[in-house]
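Notes follow the structure.
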Amino acid sequence: MLIIGSHVSYGKNQLLGCVEQAIEYGANTFMFYTGAPQNTIRSQVNENLTIEAYKLMKENNILADKIICHAPYIINLASNIFPEKYEFSMKFLRTEINRCNLLKIKYLIIHPGSAVQHEKNIAINNIINALNKILKPEDEITLLLEVMAGKGTEIGTNLNELNIIYKGILLKDKIGFCLDTCHLNDSGIDIAKIDNYLNEFDALIGLNKIKCLHINDSKNEIGLKKDRHANIGFGTIGFDNLIKVIYHDKLKDIPKILETPYVGEKPIYKKEIEMIKNKKFNPNLMENIINLK
Ligand code: FE
Ligand code: FE
Ligand code: ZN
């Protein structure tokens with residue numbers, strides 16, 4: 001079954017608001033941040049809204065066990081140049097895991113981090129140490145490390161780095177991965193030849209560790225390390241290559257999440273999901289949306 005959704009906002013009615021947006025977009029899963037991705041201001045989880053959300057999911061065939069939460073960008077486990085910032089990142093990630101427990105969410109995505117002034121191997125060690133400190137055997141969450149584009153000093157932009165991190169984690173059953181098609185493209189992976197990458201991933205880590213896919217087109221040519229997402233079919237990866245990934249036999253049961261740009265201050269996830277379901281690209285989509293206004 002196609003498991004498809006998009007980023008939705010938690011700001012309005014928490015998880016219940018997320019579910020309402022997912023239904024509107026024709027999705028059967030979704031991803032949310034528990035607050036603004038750039039800051040750490042978080043509201044208390046409202047239990048009633050959570051209960052209502054799960055009821056609504058059941059009525060609308062939203063796959064509750066495929067929902068994804070994404071931790072804010074400002075968490076950086078790779079640098080301990082400022083020990084108080086490193087401590088803060090660990091503490092905040094811990095509270096985020098606790099929030100996921102309250103919301104009964106099984107997957108939490110984090111960006112591995114940025115080395116800043118550190119040597120790569122030191123940054124990678126910082127990530128491993130932080131994760132080994134944070135994760136507890138009784139946790140019901142799986143932390144998903146996202147593959148990064150290679151902007152700035154980002155860690156986790158190739159399989160070698162991801163594998164070193166993974167091998168250093170003590171509680172391996174608490175760790176999974178999220179592939180992002182835009183990040184892969186920008187890091188130098190040709191999405192048209194995704195099978196080569198998947199074979200390599202399988203040999204090193206195991207495909208069963210991929211728990212989420214971010215489906216984004218890219219505004220940049222392959223290997224430019226930019227990380228600028230484009231709407232589905234309107235970037236350098238192209239519709240057919242993205243469809244190949246979305247319907248790939250080996251990636252069947254993995255939720256696919258769109259993080260594509262808004263058009264005219266609004267997301268166009270509903271239209272993009274429609275194209276994906278029909279496997280048919282609409283090259284006039286943007287003009288149609290702009291003419292509607
Ligand atoms: Fe991300
Ligand atoms: Fe992503
Ligand atoms: Zn990105």
Side-chain angles (χ1 to χ4, degrees), residues 3-10 18 27 29-40 66-78 89 92-93 96-97 100 105 107-114 127 131 141-159 161-162 165 175-189 191 194 197 201 209-232 234-237 241-242 245-246 251 254-262 267 269 272-273 276:
I3 305 170
I4 187 104
S6 70
H7 161 251
V8 295
S9 108
Y10 178 85
C18 293
T29 187
F30 58 87
M31 180 180 85
F32 66 99
Y33 293 79
T34 59
Q38 314 83 350
N39 71 41
T40 51
K66 301 284 184 181
I67 309 169
I68 312 277
C69 181
H70 197 309
Y73 310 142
I74 44 169
I75 292 179
N76 186 9
L77 304 178
S89 286
F92 190 81
L93 183 54
E96 197 77 338
I97 293 172
C100 283
I105 303 294
Y107 299 108
L108 174 61
I109 294 178
I110 60 165
H111 294 174
S114 290
I127 296 169
L131 291 176
I141 197 93
T142 305
L143 262 193
L144 307 183
L145 300 171
E146 183 165 354
V147 176
M148 302 312 291
K151 213 175 34 178
T153 59
E154 275 172 354
I155 300 290
T157 61
N158 59 60
L159 274 176
E161 285 172 13
L162 293 174
I165 297 173
I175 291 286
F177 293 88
C178 169
L179 303 184
D180 182 312
T181 51
C182 170
H183 297 180
L184 284 175
N185 174 81
D186 290 17
S187 77
I189 301 294
I191 299 296
I194 190 73
Y197 181 82
F201 195 104
K209 282 288 169 184
I210 303 173
K211 303 295 185 188
C212 180
L213 288 167
H214 285 169
I215 304 291
N216 303 304
D217 216 322
S218 172
K219 288 195 171 148
N220 287 286
E221 294 298 333
I222 185 166
L224 287 187
K225 303 186 178 355
K226 295 278 196 201
D227 190 6
R228 290 188 61 220
H229 302 182
N231 290 101
I232 303 302
F234 292 93
T236 57
I237 300 173
N241 284 326
L242 291 172
V245 174
I246 294 167
L251 306 172
I254 305 170
K256 324 276 184 323
I257 302 289
L258 307 180
E259 303 173 299
T260 50
Y262 286 20
Y269 302 134
E272 292 177 299
I273 288 174
I276 288 168

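In listed order, ligands and their atoms are each counted from 1. The basis for the numbers below is simple: all heavy atoms, side chains too, and nothing from hydrogens, waters or symmetry mates.
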Just by modelled atom types, is the [Y] backbone N or O under 3.5 Å from a matching donor or acceptor in the [X] side chain?
X      : Y      : value
Lys226 : His183 : no
Asn185 : Asn220 : yes
Asn158 : Glu161 : yes

Q. So, is His183 placed with an N/O/S atom under 2.8 Å from the Zn ion (ligand 3), counting both backbone and side chain?
A.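 True for His183.
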Q: Verify the distance test for His229 against the Zn ion (ligand 3): any N/O/S atom under 2.8 Å, yes or no.
A: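 A backbone or side-chain N, O or S atom of His229 is under 2.8 Å from the Zn ion (ligand 3).
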Q.
I'd like to know if Lys151 pairs up with Asp227 as an ion pair, taking the criterion as any Lys NZ or Arg NE/NH1/NH2 lying under 4.0 Å from an Asp or Glu carboxylate oxygen.
A.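 Judged by the 4.0 Å cut-off on N to carboxylate O distance, Lys151 and Asp227 do form a salt bridge.
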Q: Answer yes or no for Cys178: is there an N/O/S atom below the 2.8 Å cut-off from the Fe ion (ligand 1)?
A: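 Not a single backbone or side-chain N, O or S atom of Cys178 is under 2.8 Å from the Fe ion (ligand 1).
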**Q.** Separation between CG of Leu144 and SG of Cys69, rounded to the nearest 0.5 Å
**A.**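 With rounding to 0.5 Å, CG (Leu144) is 10.5 Å from SG (Cys69).
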Q. In His214, what N, O or S atom is nearest to the Fe ion (ligand 2), if we give its atom name?
A.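 This residue's closest N, O or S atom turns out to be ND1.
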**Q.** Metal-centred angle, the Fe ion (ligand 2) as apex - OD2 of Asp180, OE1 of Glu259, 10° resolution
**A.**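 Computed angle, vertex at the Fe ion (ligand 2), rounded to 10 degrees: 90°.
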(Q) Taking side-chain hydrogen bond (donor to acceptor under 3.5 Å, both in side chains) as the criterion, tell me which of His214, His7, His70 meets it with Glu259. (A)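 Among the candidates, only His214 passes.
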Q. For the Fe ion (ligand 2), does an N/O/S atom of His229 lie at less than 2.8 Å?
A.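 It does not: His229 brings no N, O or S atom closer than 2.8 Å to the Fe ion (ligand 2).
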Q: Output the atom name for the N/O/S atom of Asp227 with the smallest distance to the Zn ion (ligand 3).
A: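 Sorting the N, O and S atoms of Asp227 by distance to the Zn ion (ligand 3) puts OD1 first.
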Q) Can you give the angle His111 NE2 - the Fe ion (ligand 1) - Glu146 OE1, rounded to 10°? A)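 My answer is 90°, to the nearest 10°.
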